Amino acid sequence: MTPRELFLAACRRERVPRVPVWIMRQAGRAMPGYRALRRRYSFLELCRTPELALQVALEPVERLGVDAAIVFSDILIVGEAMGLSLELDDRGAPRLAGLEPTAAGVARLRTFDPSEETRFVLEAIELLARSVGRERAVIGFAAAPWTLACYMLARHPTENPATDARRLLHADPALLAGLLERIAVATAGYLRAQIAAGADAVQLFDTWAGELSLEQYERFARPATLRLLEELAAGPVPVILFARGAAHLLAAMAGLPVTVLSVDWRVDLGTAQGLLGGTRALQGNVDPCALLATVDAVDQAVRNAIGRTGGRGHILNLGHGLHPDTPLENAQAFVRAAHAVTLEP
Ligand code: CP3
């Protein structure tokens with residue numbers, strides 16, 4: 001079985017000889033080649049130049065031996081394609097210019113043509129798919145509607161990005177629901193284009209889902225995510241839904257038509273598996289801080305995570321993104337440890 005086949009089989013919860021592994025934020029600041037490129041190019045130049053984005057996406061495949069390559073881009077790119085300007089702050093980090101939280105502000109958002117406004121992302125996926133061939137899986141991604149709404153509405157960079165979206169939830173619930181629906185429809189078209197360009201799977205990042213109560217999630221974030229999934233109609237392509245701080249939302253998320261639920265380090269994988277009753281694969285969830293410790297700690301964390309699921313329907317990953325200060329040898333140990341665990345036939 002190729003790593004790509006392993007990855008796709010694990011998404012379908014089929015028996016596999018070992019657990020497939022990749023790392024959220026594997027293409028980024030923990031990689032020495034990325035840091036060198038960032039001395040010559042801005043973050044947005046890297047995103048918008050397919051040949052450079054390809055180089056960044058391939059680095060963790062080559063250095064770490066991960067089973068899947070994620071396209072190098074950012075969730076905020078969709079906000080820009082919808083008409084908000086995307087700029088770099090003084091630390092070089094991307095920031096969306098705030099969306100005016102009024103009916104007029106939401107009405108000004110565009111439904112964009114992915115092959116025009118985000119052609120560079122599609123080209124990066126085409127290059128990546130051609131480059132890894134059928135050996136490794138290629139993952140495309142976007143933000144879940146709630147999380148992109150948080151970044152669109154956030155007015156104070158130092159605050160929690162969800163605060164202004166939560167304010168709107170109380171001040172004008174209908175406006176928030178309308179915004180979430182606009183994002184859902186636009187994102188579905190964007191992800192369909194990524195699949196057409198060669199993505200083997202797509203992941204939705206709902207980084208700020210955990211800021212919502214169960215009732216709020218069910219009233220706002222979940223219907224928008226469902227709308228996105230219905231419009232996406234991904235067919236045979238697996239859809240992974242990542243949510244952070246969302247142990248209280250797991251049952252609500254489990255009812256969504258996704259293939260894989262990606263959970264953070266606070267969730268017990270065994271409990272989650274029981275709750276899902278074998279209907280969804282799980283992705284995760286080693287604490288990214290384990291990779292800031294020792295190779296031994298990494299080994300133990302990997303064996304513990306695989307032990308919790310028995311390796312069935314499990315894609316090993318971190319519970320959130322790779323910390324930029326992670327020593328390369330610890331990231332390598334993470335992948336090596338996962339590859340070393342053989343599963344019962
Ligand atoms: O996973 C990968 O390796 C692929 C690339 C990727 C990036 N961002 C590159 C990036 C992915 C999948 C993302 C998703 C993303 N972007 C999320 C969801 C995942 C998560 O971490 O919760 C979010 C919330 C964003 C938005 C974002 N991007 C912020 C708020 C920032 C600034 C803060 C920071 O971490 O620097 C970014 C910047 C960003 N996105 C960098 C990279 C490599 C760092 C840019 C740099 O300084 O070089």
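Quantities reported herein were computed from a predicted structural model and do not represent experimental measurements. Numbering of ligands and ligand atoms starts at 1, following listing order.
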Would you find more than 12 non-hydrogen atoms of other residues, nucleotides or ligands less than 6.0 Å from [X] atom [atom1]?
| X | atom1 | value |
| --- | --- | --- |
| Arg219 | CZ | no |
| Arg35 | CZ | yes |
| Glu126 | CD | yes |

Would you please say whether a donor-acceptor pair under 3.5 Å links the side chains of [X] and [Y]?
| X | Y | value |
| --- | --- | --- |
| Thr102 | Glu100 | yes |
| Asp67 | His339 | yes |
| Tyr217 | Trp146 | no |

Just to check, does [X] reach to within less than 4.0 Å of ligand 1 when the distance is taken from its heavy atoms?
| X | value |
| --- | --- |
| Ser73 | yes |
| Leu46 | no |
| Pro94 | yes |
| Tyr34 | yes |

Can you name the atoms of ligand 1, numbered from 1 with element, that are less than 4.0 Å from a heavy atom of [X]?
| X | answer |
| --- | --- |
| Phe72 | 9 (C), 43 (C) |
| Gly28 | 43 (C) |
| Ala27 | 2 (C), 3 (O), 43 (C) |

Among Ile315, Val302, Leu316, find the residue that satisfies the side-chain contact (heavy atoms from CB on, under 4.5 Å) test when tested with Val19.
->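 One option only clears the test, and that one is Leu316.
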[atom]: the protein heavy-atom neighbour that sits closest, reported with distance to 0.1 Å:
| atom | answer |
| --- | --- |
| atom 41 (C) of ligand 1 | Phe43 CE1, 3.7 Å |
| atom 32 (C) of ligand 1 | Ala93 CB, 3.7 Å |
| atom 19 (C) of ligand 1 | Phe205 CD2, 3.4 Å |
| atom 18 (C) of ligand 1 | Thr207 OG1, 3.4 Å |
| atom 23 (C) of ligand 1 | Ile75 CD1, 3.3 Å |
| atom 26 (C) of ligand 1 | Asp74 OD2, 3.5 Å |
| atom 11 (C) of ligand 1 | Phe141 CZ, 3.6 Å |

For Tyr151, is at least one N or O under 3.5 Å away from an N or O on ligand 1?
->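 There is no such contact.
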Arg29 N/O under 3.5 Å from ligand 1 N/O =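 Yes, at least one N or O pair falls under 3.5 Å.
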Checking Arg280 side chain against Leu256 main chain: does a donor-acceptor pair fall under 3.5 Å?
-> yes
Examine the proximity of ligand 1 to [X] and report which part, side chain or backbone, both or neither, has a heavy atom under 4.0 Å away.
| X | value |
| --- | --- |
| His320 | side chain |
| Phe242 | neither |
| Val71 | backbone |
| Gln203 | neither |

Output yes when Arg63 and Glu59 qualify as a salt bridge under the 4.0 Å nitrogen-oxygen rule, no when they do not.
-> yes
Less than 6.0 Å separating the ring centroids of Phe72 and Tyr34?
-> yes
Take the angle between the ring planes of Tyr151 and Trp208 and call it parallel below 30°, perpendicular above 60°, tilted in between.
-> perpendicular
Between Arg38, Arg25, Met24, flag the one that comes closest to atom 15 (C) of ligand 1 by a heavy atom.
->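 Closest candidate by heavy-atom distance is Arg25.
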Within-4.5 Å side-chain heavy-atom neighbours: Leu212 and Leu169 =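 When only atoms from C-beta onward are counted, Leu169 and Leu212 do touch, with a gap below 4.5 Å.
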Give the minimum heavy-atom separation between Val66 and Arg136, together with the two atoms involved.
->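 For Val66 and Arg136, the tightest heavy-atom pair comes out as O-NH1, 2.8 Å.
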